[in-house]
Amino acid sequence: MAFTRLATAAAKAFVQRGHGTIINISSAVALAPDMLNGAYNGSKAYVLNFTQSMQNELAGKGVQVQAVLPGAVGTEFWARGGLPLERLPKEIVMPVEVAVDAALAGLDQGELITIPFAAGPGELGSVRCGEEGLAA
């Protein structure tokens with residue numbers, strides 16, 4: 001509920017100004033309902049769907065909208081959720097800096113949906129998702 005209210009308030013203010021950017025953080029599990037748990041996955045699917053709807057509503061009003069769907073990012077989130085980061089395979093954990101760089105690169109390219117991934121040590125990767133589908 002707070003997410004929706006905040007994004008809606010920001011959108012209204014940005015439309016009045018004639019410009020602005022909204023970046024919503026979802027998760028790759030928005031596309032994988034069989035992973036983790038239903039409440040988390042469902043909430044992340046909502047963020048993705050809401051962002052796509054916002055894009056349609058804000059088209060032509062000077063507001064850029066983006067949904068970022070990262071996989072496992074190396075933050076304290078995992079420990080707080082009861083799964084210490086050390087239990088995850090190192091090769092699937094993306095450093096925070098890589099996730100942020102990929103998200104901002106996607107934003108610069110005008111992507112509505114950016115799916116960052118850890119391409120390898122020190123490498124930046126993202127999957128582009130547009131009307132034509134997914135592309136690496």
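Remember, it's a predicted structure, so these values are computed and weren't measured experimentally. Residues take their numbers from the sequence shown, with the count starting at 1.
The side chain to side chain donor-acceptor pair (under 3.5 Å) search around S26 returns none, not counting sequence neighbours.
Between the NZ atom of K44 and the CG atom of N24 there is a distance of 9.5 Å, given to the nearest 0.5 Å. Note that CG of N49 and CE of M54 are 12.5 Å apart. Values are rounded to the nearest 0.5 Å.
Nearest heavy atoms, A30 versus L69: CB-CD2, 4.4 Å. Closest heavy-atom contact between P116 and A99: CG-O, 4.1 Å. Between L107 and Q64 the shortest heavy-atom distance is O-NE2, 2.8 Å. Residues N41 and D34 come closest through the heavy atom pair ND2-N, 4.3 Å. When all heavy atoms of L88 and A72 are compared, the closest pair comes out as CD1-CB, 4.3 Å.
Screening residues 47-77 for ring-ring contact (aromatic ring centres under 6.0 Å, His included), with sequence neighbours left out, gives F3-F50, Y40-F77, Y46-F50. For residues 7-16, the set of pairs meeting the side-chain hydrogen bond (donor to acceptor under 3.5 Å, both in side chains) definition, not counting sequence neighbours, is empty.
A heavy-atom distance below 4.5 Å is found between the side chains of L48 and L31.
Donor-acceptor pairing under 3.5 Å is lacking for the side chains of Q66 and T51.
Shown are T114, I113, D108; of these, the side chain to side chain contact (heavy atoms under 4.5 Å, CB included) with E111 is made only by T114.
Criterion: ILVMFWY side-chain heavy atoms under 4.5 Å apart, direct or through other members. Under it, V96 and I92 are not part of a common hydrophobic cluster. I23 and L6 fall into different hydrophobic clusters, where Ile, Leu, Val, Met, Phe, Trp and Tyr residues are linked whenever their side-chain heavy atoms come under 4.5 Å apart, directly or through other members. Cluster annotation: I25 is connected to L104 through the hydrophobic network of ILVMFWY side chains, with a link wherever side-chain heavy atoms come within less than 4.5 Å. Residues V68 and V73 are members of one and the same hydrophobic cluster, defined by side-chain heavy-atom contacts under 4.5 angstrom among Ile, Leu, Val, Met, Phe, Trp and Tyr.
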CA sep, side-chain torsions, deciding dist, call: V15, V63, side-chain contact (heavy atoms from CB on, under 4.5 Å): CA-CA 7 Å; V15 167; V63 181; 4.0 Å; yes

